[in-house]
Number of protein chains: 2
Amino acid sequence: MDGRSRGQRGEGRVTLTEVAERAGVSRSAVSFVLNGRTDLRLSADTSARVRRAAEELGYSPNATAKTLRTGKSGTVALVSDFIGTTSVANSMVRGVLESLHDADTLLYMVDSQGEPSLEERLLRSLIDRDVDGIIYGSMFTRTIAVPTLLRNAPFVLLNCVSEDSDTTAVIPDEVGAGTTAATALLSAGHRDRIWFVGVFPPGITGGGSWHGWSPLALTERLRGIDAALAAAGTALAGRASVDGDWDVAGGRSSVAKLLASGAAPSALICVNDAVGLGAYQALQDAGLRVPDDVSVIAFDGSPLATAVRPALTSVALPHEALGRLAAQLLLDREAAPRIHRVPMPLAPGGSVSAPRSVR
Amino acid sequence: MDGRSRGQRGEGRVTLTEVAERAGVSRSAVSFVLNGRTDLRLSADTSARVRRAAEELGYSPNATAKTLRTGKSGTVALVSDFIGTTSVANSMVRGVLESLHDADTLLYMVDSQGEPSLEERLLRSLIDRDVDGIIYGSMFTRTIAVPTLLRNAPFVLLNCVSEDSDTTAVIPDEVGAGTTAATALLSAGHRDRIWFVGVFPPGITGGGSWHGWSPLALTERLRGIDAALAAAGTALAGRASVDGDWDVAGGRSSVAKLLASGAAPSALICVNDAVGLGAYQALQDAGLRVPDDVSVIAFDGSPLATAVRPALTSVALPHEALGRLAAQLLLDREAAPRIHRVPMPLAPGGSVSAPRSVR
DNA sequence: CTGAAAGCGCTTACAG
DNA sequence: CTGAAAGCGCTTACAG
């Protein structure tokens, strides 16, 4: 005998049995009608009676019981190291939710805080709950090793890639972004005095917030820039390093040092918007105007870019599209495993114009 | 007979039955040992055998089955209209996850997009999954009507309040924030030329992004400001309205109009950081320096505040603390229902100094 | 066309 | 001290 009385849980939640009783049919019949199965033929009258009974009782099937029976939970998890950490997460989550929404699927939000042991515990917990799939996300675009437990469920990598070839991943098209930035400057007439701001100092592969990871974004953006400039018969005038993190202070001191060194850039390509804002400040301190004296372009497309004057022209991270695609790929199980690269659109501001010398 | 073979689901997930077989005991014994129940006395030897068998088989209990049996799922949901919409969500979510993390509870992330019918469907879906509780959040601080379905589970309101007295809610202490802002200016020596920037135009109760809601934040911040100034024997010199949304452009045009009208403010209290940045720009256009000519203080404590020079002094929304407290209250079921107000700390920048006249 | 029964993997009173 | 059995609320082959 079971000690729990009905009243102790969910106050009289209606069960399938009660619907069957009210409709005067078997429980199987109710299940078939409500799940819209047509392989059994039930009389139209029976169907109607069942539906009415369910409606009148306000019946809603217990999803836990359904999951236990079918092994399908109608849930998906987003496991990452970024959730509570960065504001970029938001747009990605929005994209994920958009896709899931149509599929009537709920989302578990899980933050591993970058700790492998915590991550393992959480993955285990999700698998124990029969999640239908997992989106495994990284705060920064990088190469990861797929956790063993992840393979217990269908999964898609978001903003990261693995070296395993059987893996589906979604990342921004960083090479294309580099090309876009360089092309924007070339079109405006810049050519020989274009500097890149944001490489790591010699011997360093990542700033404080990189945990020692080598960011794919940096390598690939530079590759795109170099290729576009080479195709135009020119090259970067140089690469300025940023000590520490890619923030406003880092950008300011890097560009201040650059200007002090006697370099006379016509344009700066900044590794992200914060560094771009730092560049604005250093240029202002040097009495140089944007874009009249120096053009500035950056990457990210963050709210920072539109908070300054002139608005910073930026090649935008397609967070929402990334999230949306990752969720879609997780749901469409027939997609062949491969890396999907999502284009990064140019978000034009007012920080790029023709170089001074050619006016 | 059941058609599904073992191999079709979770590839040989180990069950309690298998642990019992390997340990040579009954399933009950395994359950008792693994759940650490001491009301039955099992021999130390039995316990050890069970634990070893579980360990060797890599046993992890099926949470779905557990939930069906016990009615407790070890999950909580955050239902709100803000999730994918605003970057403030992040810190709140971080706070929520911090609290949940220790309680070994997983989080469902649900975005109602502000649509009642979608919200109802999602709430139903959560209840069908036996969530242990729901945090119901609002993007902007406001008064809401509690959805009927919400009462099917323990719940806490986050960043909103209801008129029902049996409700637990967590909101920022907006009145205190107003006091803090006014006091900061008073301490610096400002007195009779303090303006507030950000009331709605006459007859309007909300900008485009307010969906017609009256934001509690505005009313309460003003109340705090008025009280603090009154206590010092003075009052606001005036309140400048912002047409449309509280963004940079809105702040800029509002302050430009204010200055054009001949007002000579010694300090501006801006309704949020974006409006504060707009104020910076309008002041600059008018040839006025911050803080030498005009001091500026705002509310939010967003990344925008630290991206400008001088950094904008701001009374910060305690997003993370709000989320953390909401989750704690949901888990600690004995707390009496009431409204909890979380203090808003001052985030000092360089935008407040003594007024020009008293130098 | 319909219904009785097994089973998903657990927990827990109850009888030994 | 231990084990057999009921039951959580569903789905679904199978027999009528």
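The sequence lines fix the lettering, A, B, ..., with proteins before strands; numbering per chain opens at 1. Note that these values count all heavy atoms, side chains included, but never hydrogens, waters or copies made by symmetry.
- With hydrogens and angles disregarded, no donor-acceptor distance shorter than 3.5 Å links the side chain of D130(B) to the backbone of S73(B).
- Contacts of E21(A) classified as salt bridge (Lys or Arg N to Asp or Glu O under 4.0 Å), with partners at least two apart in sequence or in another chain: none.
- Scanning for side chain to side chain donor-acceptor pair (under 3.5 Å) contacts around T168(B) gives an empty result, with sequence neighbours left out.
- In this structure, F32(B) places its CZ atom 13 Å from C1' of dA4(D), rounding to the nearest Å.
- If you measure from atom NZ of K72(B) to atom C1' of dC8(D), you get 16 Å, rounded to the nearest angstrom.
- Salt-bridge annotation for E98(A) and R94(A): absent, with no side-chain N of the basic residue lying under 4.0 Å from a carboxylate O of the acidic one.
- Here the side chain of S28(A) is nearest to one of dA5(D), dG3(C), dC8(C), namely dG3(C).
- Ranking dT11(C), dG9(D), dT12(C) by closeness to the T15(A) side chain, first place goes to dG9(D).
- What separates NZ of K66(A) from P of dT12(D) is a distance of 9 Å, to the nearest Å.
- Ranked by how close their nearest DNA chain D nucleotide is to the 5' end, A65(A) and G24(B) are led by G24(B).
- For the pair R69(A) CZ and dA5(C) P, the computed distance is 16 Å after rounding to whole Å.
- The side chain of L16(B) approaches dT11(C) more closely than any other nucleotide in the set dG3(C), dT11(C), dT11(D).
- Looking at residues two or more places apart in sequence or on another chain, you find a ring pair (Phe, Tyr, Trp, His ring centres under 6.0 Å) between Y108(B) and Y108(A).
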Which pairs of donor and acceptor atoms, one on a side chain in residues 100-107 of chain B, lie under 3.5 Å apart (sequence neighbours left out)?
| unit_1 | atom_1 | unit_2 | atom_2 | d |
| --- | --- | --- | --- | --- |
| D104(B) | OD1 | R121(A) | NH2 | 3.4 |
| T105(B) | OG1 | A103(B) | O | 3.1 |

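- At the heavy-atom level, T64(A) lies nowhere under 4.0 Å from the strands shown.
- The separation between L57(A) atom CG and dG9(D) atom C1' is 15 Å, rounded to whole Å.
- For D166(B), the salt bridge (Lys or Arg N to Asp or Glu O under 4.0 Å) criterion is met by R151(B), not counting sequence neighbours.
- No contact: T17(B) has no heavy atom under 4.0 Å from any strand.
- Counting to the nearest Å, the C1' atom of dT11(D) and the CG atom of L68(A) are 11 Å from each other.
- Within 6.0 Å of the CD atom in E120(A), the count of heavy atoms belonging to other residues, nucleotides or ligands does not exceed 12.
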Expected output check: what is the dot-bracket annotation of DNA chain D, where ( ) and [ ] are pairs inside the strand (brackets for crossing ones), | is paired with another strand, and pairs are Watson-Crick or G-U under 3.5 Å? |||.||||||||.|||
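- Listed nucleotides: dG3(C), dC10(D), dT11(D). Nearest to the side chain of N35(A): dT11(D).
- Checked against dT2(C), dC10(D), dC10(C), the side chain of R27(A) finds its nearest nucleotide in dC10(D).
- Regarding N62(B), its CG atom lies at a distance of 13 Å from the C1' atom of dT11(C), rounded to whole Å.
- Rounded to whole Å, the distance from CD1 on I127(B) to C1' on dG9(D) is 17 Å.
- For Y59(B) and dC10(C), the shortest distance from a side-chain N or O to OP1 or OP2 is below 4.0 Å.
- For the pair T67(B) and dC10(C), the criterion of a side-chain N or O lying under 4.0 Å from OP1 or OP2 is not met.
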